[in-house]
Amino acid sequence: AQKVTQAQTEISVVEKEDVTLDCVYETRDTTYYLFWYKQPPSGELVFLIRRNSFDEQNEISGRYSWNFQKSTSSFNFTITASQVVDSAVYFCALSEAGPNLTGGGNKLTFGTGTQLKVEL
Amino acid sequence: DVKVTQSSRYLVKRTGEKVFLECVQDMDHENMFWYRQDPGLGLRLIYFSYDVKMKEKGDIPEGYSVSREKKERFSLILESASTNQTSMYLCASSFFLEDRGLGSGNQPQHFGDGTRLSIL
């Protein structure tokens with residue numbers, strides 16, 4: 001069975017600090033996908049990034065960066081120079097892969113989320 | 001932009017009532033999903049559908065049913081609402097697309113704003 005662990009329930013930082021959100025996953029599949037989503041106070045989950053299990057290149061997008069390490073089954077998310085607008089709940093998620101996965105639906109297993117509070 | 005619309009942001013119902021939550025997407029996505037979100041538990045999958053009239057149970061289907069009569073619409077039904085079904089309900093949709101031999105399961109899910117349902 002798949003499992004995603006986000007051990008940090010809540011993190012508080014002061015604006016302009018760097019912050020890393022941890023994500024550890026478990027799966028028996030060799031092919032899988034990892035995702036990060038952001039949920040601001042308005043409630044809608046916003047897709048941030050997707051990674052497949054064969055692509056361990058780190059990715060940077062503006063102030064956001066992601067570190068994928070298969071050796072430790074981790075997919076950590078770093079926000080550089082955090083801002084108040086980054087305050088949200090962040091979810092890491094894992095999806096199985098396979099052309100015949102119940103007709104095509106990609107089920108996501110979510111972690112329990114990390115509440116990030118960025119204060120002035 | 002993908003738009004996933006849930007019929008209500010807030011809903012209050014009574015124990016024993018039959019409750020319908022509606023979700024519509026405008027991007028011709030094959031897959032649609034219903035999750036519930038509870039503090040400390042993250043998002044848990046209730047049901048999903050990969051085609052019209054097709055449905056699959058998720059991790060917590062008990063007490064719920066679904067209906068997908070048209071591709072763009074996915075309804076969640078609480079047959080006889082109970083207080084332990086008080087929660088935030090999130091609908092999502094995604095394409096089914098195989099990723100160049102890596103299988104499916106790679107498409108990000110797009111979420112609605114959520115319905116906060118209270119059962120009294």
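Proteins come first, then strands; the chains are lettered A, B, ... in the order of their sequence lines, and each starts at number 1.
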### Task
Decide if atom CD of A:Gln57 counts as having more than 12 heavy atoms of other residues, nucleotides or ligands within a radius under 6.0 Å.
no
### Query
Is the number of heavy atoms from other residues, nucleotides or ligands under 6.0 Å of B:Arg14 CZ greater than 12?
no
### Query
Can you name the nearest heavy-atom pair linking B:Pro108 to A:Arg50, along with the distance?
CD-NH1, 3.3 Å
Side chain, backbone, both or neither: which part of [X] has a non-hydrogen atom closer than 4.5 Å to chain A?
X	result
B:Gln37	side chain
B:Leu43	both
B:Arg44	neither

Mind checking whether [X] and [Y] sit in one hydrophobic cluster, side chains of I, L, V, M, F, W, Y counted as touching below 4.5 Å?
X	Y	result
B:Met88	B:Ile46	no
A:Phe77	A:Ile11	yes
B:Leu21	B:Leu45	no
A:Val13	A:Leu21	yes
A:Val19	A:Trp66	yes

### Message
Going by salt bridge (Lys or Arg N to Asp or Glu O under 4.0 Å), name the pairs with one or both residues in residues 65-87 of chain A, residues two or more places apart or in two chains.
### Response
A:Arg63-A:Asp86
Nearest 0.5 angstrom please: [X] [atom1] to [Y] [atom2], how far?
X	Y	atom1	atom2	value
A:Gln2	B:Asp59	CD	CG	9.5 Å
A:Leu108	B:Tyr35	CG	OH	4.5 Å
A:Leu45	B:His110	CG	NE2	12.0 Å

### Message
Determine whether the aromatic ring centres of residues A:Tyr37 and B:Phe111 are separated by less than 6.0 angstrom.
### Response
yes
## Note on the structure
In terms of heavy-atom pairs under 4.5 Å with chain A, the winner among B:Asp38, B:Asp113, B:Asp51, B:Leu41 is B:Asp113
### Proximal component of A:Ser42, with respect to chain B [non-hydrogen, under 4.5 Å]
backbone
### Message
Once side-chain contact (heavy atoms from CB on, under 4.5 Å) is applied, do any residues pair with A:Ile60, and if so which ones, sequence neighbours excluded?
### Response
A:Ser65
#### Entry: Residues in residues 63-72 of chain B that sit under 4.5 Å from chain A, counting heavy atoms only
none
### Task
Could you list which of residues 109-120 of chain A have a heavy atom closer than 4.5 Å to any heavy atom of chain B, in residue-number order?
A:Phe110, A:Gly111, A:Thr112
